Each structure stands twice: as C-alpha cells, then as structure tokens.
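Counting starts at 1 for both ligands and their atoms, following the listed order. Any value given below was found using the heavy atoms of this structure, including those in side chains, with hydrogens, waters and symmetry copies removed. Note that the structure is a prediction, hence the values are computed from the model and not measured.
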Amino acid sequence: MEDGYRLWLRYEPVASPELLAAYRATFSRLVCEGNSPTLRAARDELTRGLTGLLGARPRTGAAGPSPGESAIAIGTPDGSPLVAAAGLAGPLAATGDEGFVIHRARVGAESVTIVAANRDVGVLYGVFHLLRRLQTETPLADLETASAPRVKLRMIDHWDNLDGTIERGYAGHSLWDWHKLPDYLSPRYEDYARAEASIGINAVCLTNVNADPLVLTAEYLPKVAALAGVFRRWGIRVFLTARFSAPIEIGGLTTADPLDRGVAAWWRAKAEEIYRHIPDFGGFVVKANSEGQPGPQDYGRTHADGANLLADAVAAGGGLVIWRAFVYRADVDEDRAKQAYTELTPLDGQFRPNAVLQVKNGPVDFQPREPFHPLFGAMSKTPLFLEVMLAQEYLGFATHLVYEAPLIKEVLDADTFAAGAGSTVARVIDGSLHGDRPTGIAAVANTGDERNWCGHPFAQANWFAFGRLAWDHRLDPAAIAGDWLRMTFSNDARFLAPATAMMLGSREAPVNYMTPLGLHHLMAKDHHYGPGPWVAPERDNVRADWTSVYYHRADAAGLGFDRTVTGSDAVAQYHSPLRERFGDPAACPEELLLWFHHLPWDHPMQSGRTLWDELCQRYDAGVDFVCGMRETWSDLAAYVDLDRFEHVAELLAIQEKEARWWRDACLLYFQTFSRRPFPADCTPPQRSLAELMQIRPSHVPGI
Ligand code: GCW
C-alpha cells in the first residue's frame, strides 16, 4: 500500500528503459573508502537508493569493472585515496564544510562518478542529491555539479509538548516517545533523520517554544541525548527550548533575573550538564515575554539581557541562543504589527555574537499573506534568522492543499532596501548583506506520528520545499514542486504539468478565500480553524489584538487597517521607497492594500471594480480555484495509486466545503457594513450569517 510513509525517498524503479540501462552501466559498483557513522549512512542510503531505482544492488569491493561497467565512489580527500587522486581540490575549496562535488572522471582505466566533499556530511548531502537526480530521471550528462548551502543553520522547530501533543500540530501526536526514551529507540527516529538529511536540514529543536522546563532536568536529558545519538550521523544537531523561569521552577532559585549572579551560574551549570550528555548540543530556542511566557522584562531587563545570559551559558560548548522576535505585549496599546520592531531595534548591537534573533516572515503571525517583517531591514548588527511555518495553522490545517514554497520565496525575495535596492531578506539572512555571522532559517514542523508524517499527502511538499530553499534560496518553487512530484508520484509529463500548475496556484487560493487584498487574522478564536471575522474583545472576552475586528476595522465607511501616517504609521518601519509605496493606496500592491489602508467600500480598484465588488470577486476566485483543483486531480487518476489518489480527492472535497465556509462567512459579515448587494457574477451564499456564526467545532486538533 502507498501510505506516504516513504515520503520523497521512494526509490521506485526508473521507468525509462534507456535511462535505466545507462544508469545501470554507470553505477554498477560502489566504492566507499572511509568508515565513519555518517559515511556509512551515506553508503547505505546509496545502496538502498540504487537497489530500488536500478533493480539490482550495486557490487562493492575493490574488484575491477566488468566491460561496459563503471563505478560510483563517495568520500572525502582525507579519507579516500580514490577521491584524493581525482584532483578535485579546486572545486572542493568552494564547497565548505557541508557542500559537495559530483564529478565524472577516469581513474586509471575506469570511469568513475565521484561524490566528493570536504567532510563526511557533505558526502551524505551529495549522495542524496545524486539520488534525487536519478529519481527525477536526469540524463547522465547533467549529473556533474558543485553545491554548497547558502545558510549555515537549516532548522526544523517542533512545537511538541512532553505529553505527546503538538501545539499547532495537525498530523497526529509527537514523534518523540518520551516515555520510552532513552531505552526504546523507535525506527521512525532514523527515518525522520534520513528525511531531514535528504533535504539538507542540519538542526532540529525538539520542543515547543511555549516551553516546559522539565526537558532540561536530569530525567529528560538522557532521553534528549538518545535522540541526538540517532540524529548525529545524519548531520543533525539538537536544540531545546529554554523556559526563562527554569531556574525557579527546576533550580529552586527565587529569581530568574538575568543580571543575578546566581541565575547566571545556574544556567552555566545547566549548559555544562547538557553538554556532558550531548557534546554537540546546538543551543537554546527561546520565546520570552510573549503571549504569557516569562522573560527578562519580568525583572525590568531587556531582551538583550535575557539572550546574553543564555548565550554566555552555551558559549563554551559552541552553542547558539536563538531568541525569537515574536514579542508583543498585552499591556501596550501599539499596533501589534509594530511592536517587535519598537521593542528590538534599540537593542541592535547589544547581543552576544552567539545570540541571534529569529524573525517570523511577517510582523503579525504566519498569515496567508503578510508584508515581510520590517525587522529584516532594521538590525544590521544582529544576526537574523527567518522563521516560517510549515504546519498550516492559518492555511487550513492538514485538510487544505496549499503549497507554501511561493509564500516562503515571496519573503526571501522581498527587498528591504536596508542598504539600497537589492537588500533582499535572503541576503540579510545568508550574511551576504551585513557580513559574516551565524546564518540560518527555521520552519515550524508540520510532522506528527500519522503514517504519512504530515497528514495531507501534499503537505510533505512543504517540508521538502523548505529544506531545498534553506539550502539554496535562489531555487524556483516550480522546479522544487516538479522534483517533489516526480519523486513522490510520477515522472510522467502528462501528470507533472497539471499537478505543478495546481500546486503553484494553491497558495493564492487560501489568500483569496480567507483573507484577500491584505486582510489578515480573520480566523476563529483560539483554535484558528475556520472563519471568525466577527471575533471581538467584548463579544469573545479576549484581548483586542487576538480578535479579528482589531485587524479588519470594518465599518460603514470601509475596510482595512490604516497603517499610514494618519493611522498607526507602521509604514514608517520600512525603508524608502517602500514606506511611500505602502503608504499610498494608489501605489500599494493590491495584495497588501487592506493591510496598510482603510478604504471606502467604493474605492476604485485596478480592475475597475469597487473595493466591495473586488472583495466578492476574490473570495469567489479562491473557491473557484479549489473546484479547479478537484477537477485537475480527478483527471490525474491514471498516474496515481488508488490509496493516495482517493485520500487527496477526499481532502480536496473537504477543502472546497471549507473554502465556501470561509467565503460565505466573511462576505456575509462584511456585507453588514458595506450594505451593498453581491455583484451579479458572485455566487450568493447558501446559508445565513447567523447560521455560519453558530458553527463551533469541538475538539479541534493542535491547540
Ligand atoms: O501563531 C501563534 C500560535 C501559537 C504560537 C505562537 C508563537 C507556540 O497561535 O500557538 O505559540 O504563534 O509563534 O509563539
């Protein structure tokens, strides 16, 4: 049964007879000189992959080639005489610690494909790269390459709780079986690590940022060490979340004040204890003074004081502190979209070299579309990591097919203008704009213990695409989708063209059926599943910046959040020419219009329609796209196994139902302010607003 467990590492037999013959002749013998755990992992993966793809296990050992056959050799110049003799010092010099070179050469009388790297982990990445190229039916002539990652830390953040639940997890329970660790190591840990390594992920934070200090205790550290022990040979370092008040909760201190000597000593001792268990421990990820989490401000200190306290503790072990920039306060009346910038920019230059700020793609919270976070243009002296979310908290959970690579790419390519044109977010995070520093990108995981890892078969594509973009942010989302589809389903061109088009349009669809034209944060309270544009502070007894009315500001006059100089002036947090562009309704990109402006219902849009009519049209377009995806998918039955075909088809049916739910709820609600009829070409909602407001699903996952 095709249950999706194998992800994109299926290694099904090569379908093209010509390519199969060519590959068989080229990769008939496998030479792996050297014997580290990582090299063995690379060798075993290559054996497994070639065996599946070519239908025959490659021969190993030193025996010479049979006529017409040739070898594949993997290794480093230090560990492999064959690789050392291949004369690859030049190209290898540019590939650093993790990159690799794939080169076809004659060694003596033999023709050899060489996967070479400076370090074993680079060999591992080279092997996965080569296998991907074979899985996607690449001609032999195109296999040569040299590649190196553009950022140093490529990280997956799990929001997994120690009780096995996952905050914002929609694919089952946590993969980490804390109860049975460290004695029982589920085989799934290894499969997880393989999957991460196959896309270049080299860091994993195991625990939720809403952190439980228990994970830092003597009871749990051996469990963490056991997972780190599995992950290590796959090039993955483990991080943990640190609850800022841990010195009180598990240390017996009376304070967690970052400037208190006893507190600093406690964190140093704790870090030493962790390093005794996990010598390559990556460091701490911290959410502090945000959404009720404790932090340095509880003691009148700054975020820099807090980050530096922990950075000093892990410095001796070579660790990092990843301090999240997702900070905003309940007791402050400033536009939430502005608060992180207001809070953190004065601290630029005050962080230790091993402290970094991790910034979400947008200034509010992983919405279907946001402008890029203004902090990316404003902290030139502080290393910034980008944080994106693979779990679809605001993108329909695991029932909606949404390919997120275009969203991630949109923020990477966004120009901050911090040092003139071309100062893209990608160049801020890869260190090329502001100089050498820790560089990184992180994603909130979308995995769980469901058999197919991610819940929706197509959600695997987001995990895959994130890894690929983390390795090289210049990659094209279409090319990544193509690779994933080929590896996951089929190399058949008749399948690939429509399936790729479906994926590429699938991000704009939820933007349209949930929050078009720059609207944001219209979801239901708490669980965030389904629409809730009516959520309001008094009505729902919740703080203002957790409501929808705070963000959409609908009234009889119009719709949208005025963030220009006449409103919250959030535009001032962007450099020229962006602040002028965003600040002028005539120049502001329409997809961000209502993020920055409150506009009359009859505001003229580029299409010639009024704002109200355009809003209706966008909501409709979102639903229409989902209907189109259902048609496309049903035409592709011939290329997909029945299990996955039906699974996706049924989920698409749910998505259509939910897209209509979103559209109808939002339009009927906004109509109470616009007091305008639905345009003639808009499908009228079937249910009343009152009925839609009654929908209150129980036991929604992921809270
Ligand atoms: O998106 C919000 C989520 C919270 C999450 C928070 C964060 C882990 O609703 O569940 O908390 O972001 O990023 O810290």
Side-chain angles (χ1 to χ4, degrees), residues 155-163 165-171 174 205-213 215 239-244 284-295 297 303 306-307 322-330 336-337 339-340 343-344 356-370 373 375 384-398 402 404 407 411 441-448 462 510 514-515 520-532 535 540 542-548 550-551 700-703:
M155 184 160 186
I156 294 286
D157 288 346
H158 290 268
W159 287 357
D160 292 21
N161 298 313
L162 299 182
D163 65 3
T165 58
I166 305 179
E167 181 155 352
R168 311 310 175 185
Y170 312 109
S174 176
C205 184
L206 298 174
T207 46
N208 190 355
V209 288
N210 290 331
D212 185 336
V215 78
F239 286 68
L240 292 174
T241 45
R243 185 166 162 88
F244 201 76
F284 295 126
V285 177
V286 190
K287 172 176 177 178
N289 291 123
S290 168
E291 302 187 330
Q293 294 299 305
Q297 292 175 338
H303 282 286
I322 302 176
W323 195 265
R324 295 180 78 236
F326 182 67
V327 295
Y328 64 101
R329 294 165 62 154
R336 174 169 154 194
Q339 289 189 37
E343 189 91 62
L344 294 167
V356 311
L357 278 183
Q358 183 159 293
V359 184
K360 288 190 182 184
N361 54 279
V364 171
D365 190 7
F366 297 136
Q367 293 299 296
R369 173 170 280 117
E370 299 192 25
H373 202 305
L375 271 177
L384 300 182
F385 286 10
L386 168 64
E387 179 178 307
V388 297
M389 188 183 212
L390 304 179
Q392 294 170 229
E393 177 180 2
Y394 303 109
L395 287 169
F397 292 15
V402 182
E404 295 175 295
L407 186 164
V411 61
I441 175 167
V444 180
N446 63 354
T447 48
N462 294 331
M514 293 175 175
T515 51
H520 49 291
H521 207 294
L522 301 185
M523 66 285 171
K525 195 183 126 186
D526 297 334
H527 53 64
H528 300 169
Y529 176 65
V535 175
D540 296 277
V542 65
R543 62 191 260 191
D545 57 2
W546 285 357
T547 68
S548 302
Y550 176 92
Y551 295 97
V700 175
I703 301 173

Give a yes-or-no answer on whether the side chains of [X] and [Y] include a donor-acceptor pair shorter than 3.5 Å.
{"X": "D545", "Y": "Q339", "result": "no"}
{"X": "E167", "Y": "N210", "result": "yes"}
{"X": "R243", "Y": "Q293", "result": "yes"}
{"X": "D160", "Y": "N208", "result": "no"}
{"X": "Y328", "Y": "E343", "result": "no"}

What residue and atom, counting heavy atoms only, is the protein's closest point to [atom], and at what distance?
{"atom": "atom 12 (O) of ligand 1", "value": "K360 NZ, 3.1 Å"}
{"atom": "atom 8 (C) of ligand 1", "value": "N210 ND2, 3.3 Å"}
{"atom": "atom 6 (C) of ligand 1", "value": "E291 OE1, 3.3 Å"}
{"atom": "atom 14 (O) of ligand 1", "value": "K287 NZ, 2.7 Å"}
{"atom": "atom 9 (O) of ligand 1", "value": "E393 OE2, 2.5 Å"}
{"atom": "atom 10 (O) of ligand 1", "value": "E167 OE2, 2.4 Å"}

Any N or O of [X] closer than 3.5 Å to N or O of ligand 1:
{"X": "E387", "value": "no"}
{"X": "W159", "value": "no"}
{"X": "D365", "value": "yes"}

Sequence neighbours excluded, the answer for ring pair (Phe, Tyr, Trp, His ring centres under 6.0 Å) partners of Y394 is H528
Taking ring pair (Phe, Tyr, Trp, His ring centres under 6.0 Å) as the test, write out the residues that go with F397, two or more places apart.
Y170, Y529
For ligand 1, is any non-hydrogen atom under 4.0 Å from W546's backbone (N, CA, C, O), its side chain (CB onward), both, or neither?
neither
Could you list the atoms of ligand 1 found under 4.0 angstrom from a heavy atom of F326?
6 (C), 7 (C), 12 (O), 13 (O), 14 (O)
If the cut-off is 4.0 Å to any non-hydrogen atom of R168, which atoms of ligand 1 fall inside it?
3 (C), 4 (C), 9 (O), 10 (O)
Give, for atom CG of L240 and atom NE2 of H158, the distance between the pair rounded to the nearest 0.5 Å.
12.0 Å
Spacing of CG belonging to L395 relative to CG belonging to L390, to within rounding of 0.5 Å
10.5 Å
Yes or no: does M389 have any heavy atom under 4.0 Å from an atom of ligand 1?
no
